[in-house]
There are 2 protein chains.
Amino acid sequence: MGKALTKNQALVLDTLSRADGPLSAYSILDDLRDEGMQAPPQVYRALEKLLKTGLIHRLESLNAYIACRDPDCVSHTVTGFAICETCGDVIEFAGEKISRQLKDWEDDNGFLAEKTTIELRGICKPCKG
Amino acid sequence: MGKALTKNQALVLDTLSRADGPLSAYSILDDLRDEGMQAPPQVYRALEKLLKTGLIHRLESLNAYIACRDPDCVSHTVTGFAICETCGDVIEFAGEKISRQLKDWEDDNGFLAEKTTIELRGICKPCKG
DNA sequence: TAGCAAGCGTTATATTGTAACACAATAACC
DNA sequence: GGTTATTGTGTTACAATATAACGCTTGCTA
């Protein structure tokens, strides 16, 4: 059972959940002007908390944020993202086998990963036609 | 056989090659003030070209750039990076097996990846002690 | 040698992210 | 309950990263 969210955290999460794609911190801010969000730090602080609790993800190659769609995402070692350059859709995937391969590499090389980023940029099935 | 590099491209590549870690675009710019580099676009244009030819990599989670150390890096489908949060060292790895797993996922899901990012943030062997 | 593509230098601006400060709300503890 | 530590808030100012746009040069190449 996670802690309850504060007002700002809930607002940011709600905005990301309603969006059908990744949003930048500043577009979240714009969406929430009317709700009392005035300045970047308010958004970034909420984002930071939501990231830590795993409710959202950050897409490093886009500098953007997305709500986690996978109900038991936290149970996965790594989460991968396939980002379509054409339609902007983002597919979140679990990659159990990839997890294992990465773990193997880590063990072989004595590296302890705290956070793993896997992002594919390309063209999704619908857009390929 | 690739084309020869222009002066700016060679300067940027040289700076990255001499560095013992990733550099931001702006620190490259600072390093090259004396060589005639005056403004961000000059650096970013050189970086773009070097990225396209595979001579350097961009670390998405750091907004930084690094010279490719792997002589036949282009032959790999994907390149992974393990970034030590303590010492800042970056280990480039090939991940043949991971490549294959990702390819499987792509095939299964009809996704055509043009660029793949794999970055591990954590602690390297020497720093763990 | 005319035309085109790529690169250059420059100015200005857009986008993304933090530092720092004073204060308020919440939770933890005796 | 009252005290204290922790976390979050609102704000101003600023740092760091990246791109748009313009006119010019260079080097092919047809």
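Throughout, a chain's letter reflects where its sequence line sits, starting with A, and its residues are numbered from 1.
Among the nucleotides D:dA18, C:dG7, C:dT16, the one closest to the side chain of B:Gln9 is C:dG7.
Salt-bridge annotation for A:Arg100 and A:Asp104: absent, with no side-chain N of the basic residue lying under 4.0 Å from a carboxylate O of the acidic one. Between A:Glu60 and B:Arg121 no salt bridge is recorded (no basic side-chain N to carboxylate O distance below 4.0 Å).
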Inset, instruction - Before giving the answer on side chain to side chain contact (heavy atoms under 4.5 Å, CB included), spell out for A:Leu55 and A:Cys68 the whole-Å C-alpha distance, their side-chain angles and the decisive distance to 0.1 Å. - result: CA-CA 6 Å; A:Leu55 290 171; A:Cys68 181; 5.8 Å; no
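At whole-Å resolution of the value, CG in A:Leu11 and P in D:dG8 are 15 Å apart. With rounding to whole Å, B:Lys7 atom NZ is found 6 Å from C:dG9 atom P. A straight line from CG of B:Leu62 to P of C:dG17 spans 13 Å, rounded to a whole angstrom. As a whole-Å value, the separation of A:Glu60 CD from C:dT16 P is 14 Å. Straight-line distance from the CG atom of A:Asn63 to the P atom of C:dA14: 18 Å, rounded to whole Å.
Side-chain N/O atoms of A:Thr6 include none lying less than 4.0 angstrom from OP1 or OP2 on C:dT26. Put simply, B:Asn8 has a side-chain N or O that comes within less than 4.0 Å of OP1 or OP2 on C:dC8. Between B:Arg58 and D:dT17, a side-chain N or O to OP1/OP2 separation shorter than 4.0 Å is absent. Contact between the side-chain N/O atoms of B:Tyr65 and the OP1/OP2 oxygens of D:dA18 is found at a separation under 4.0 Å.
Inter-residue side-chain proximity for A:Glu119 and A:Thr117 is flagged as met; some heavy-atom pair is nearer than 4.5 Å.
Listed by residue number, A:Gln38, A:Ala39, A:Pro41, A:Gln42, A:Arg45, A:Lys49 are the residues of residues 18-50 of chain A with a heavy-atom contact under 4.0 Å to DNA chain D.
A:His57 has its ring centre no less than 6.0 Å from the ring centre of A:Tyr65.
Hydrophobic clustering of Ile, Leu, Val, Met, Phe, Trp and Tyr side chains at less than 4.5 Å, counting indirect connections, unites B:Leu11 with B:Leu13.
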